[in-house]
Amino acid sequence: GKYVRDIRLGKVNGLPVFVDWNARRAIVSRSGTKWAIVEVERLPEVKRNQAGFEAVHIGGGRTPGDGPWEELLVEPAKPVTCWRLDTKLGAEDTEGCAGLYVM
C-alpha cells in the first residue's frame with residue numbers, strides 16, 4: 001500500500017510515522033536499525049512502549065524515517081525460483097551449462 005508521512009502522529013523512536021489509512025497500518029521505527037508495520041489502532045501502545053512491541057511485520061536495515069521521503073509504496077516481495085544443474089557423476093560439462101540458475 002501507499003504509506004504517507006503523517007506529522008500529526010508524532011515520532012516513534014525519534015523518527016516519523018508513515019500511515020496507509022486505507023489498510024489501517026503504519027510503518028514505525030523500532031529500536032536499533034529496524035522498522036515495523038503495526039495496526040494504526042495500536043499506535044498509542046507503540047508510543048508508550050517504544051523499546052519493544054508486537055508488529056505485523058518487522059524489517060531491518062535503513063528505516064523509512066532515515067530518508068527524505070514523504071511517502072512510500074510497499075509491495076509484497078516476489079518469490080525467487082532457483083535450481084542447480086549438475087553433470088552426471090564423472091561426466092564433463094562440455095557445454096558449460098552446470099551451475100545455479102535464479103529466476
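All values reported here derive from a predicted model rather than from experimental measurement.
- Legend: residues meeting side chain to side chain contact (heavy atoms under 4.5 Å, CB included) with Glu45, ordered by chain and number and at least two apart, are Arg42, Arg48.
- Taking every heavy atom of both residues into account, Phe18 and Tyr3 meet most closely at O-CD2, 3.7 Å.
- With sequence neighbours excluded, the residues satisfying side chain to side chain contact (heavy atoms under 4.5 Å, CB included) with Asp93 are Thr87, Cys97, Ala98.
- Qualifying side chain to side chain donor-acceptor pair (under 3.5 Å) partners for Asn49, counting only residues two or more places apart in sequence or in other chains: none.
- Rounded to the nearest 0.5 Å, atoms CD (Gln50) and CZ (Arg30) are 11.5 Å apart.
- Every side chain to side chain contact (heavy atoms under 4.5 Å, CB included) that Glu41 has, sequence neighbours left out, goes to Arg24, Glu39.
- To the nearest 0.5 Å, the span separating CG on Leu15 from CH2 on Trp35 amounts to 14.0 Å.
- At a threshold of 4.5 Å between non-hydrogen side-chain atoms, the residues Trp21 and Val4 do not count as touching.
- By the salt bridge (Lys or Arg N to Asp or Glu O under 4.0 Å) test, Lys47 pairs with no residue at all, sequence neighbours left out.
- Sorted by first then second residue, the salt bridge (Lys or Arg N to Asp or Glu O under 4.0 Å) pairs that include residues 10-23, not counting sequence neighbours, number zero.
- Residues Ala36 and Phe53 come closest through the heavy atom pair CB-CE1, 3.9 Å.
- The one candidate from Asn13, Leu9, Val17, Val19 that meets the side-chain contact (heavy atoms from CB on, under 4.5 Å) condition with Val28 is Val17.
- Among Val56, Ile58, Leu43, the one residue that satisfies the side-chain contact (heavy atoms from CB on, under 4.5 Å) test with Val38 is Leu43.
- Arg5 and Pro16 make their closest contact through NH1-CG, 3.3 Å (heavy atoms, listed as atom of the first residue, atom of the second, distance).
- Closest approach of Ala55 and Ile37 over heavy atoms only: CB-O, 3.5 Å.
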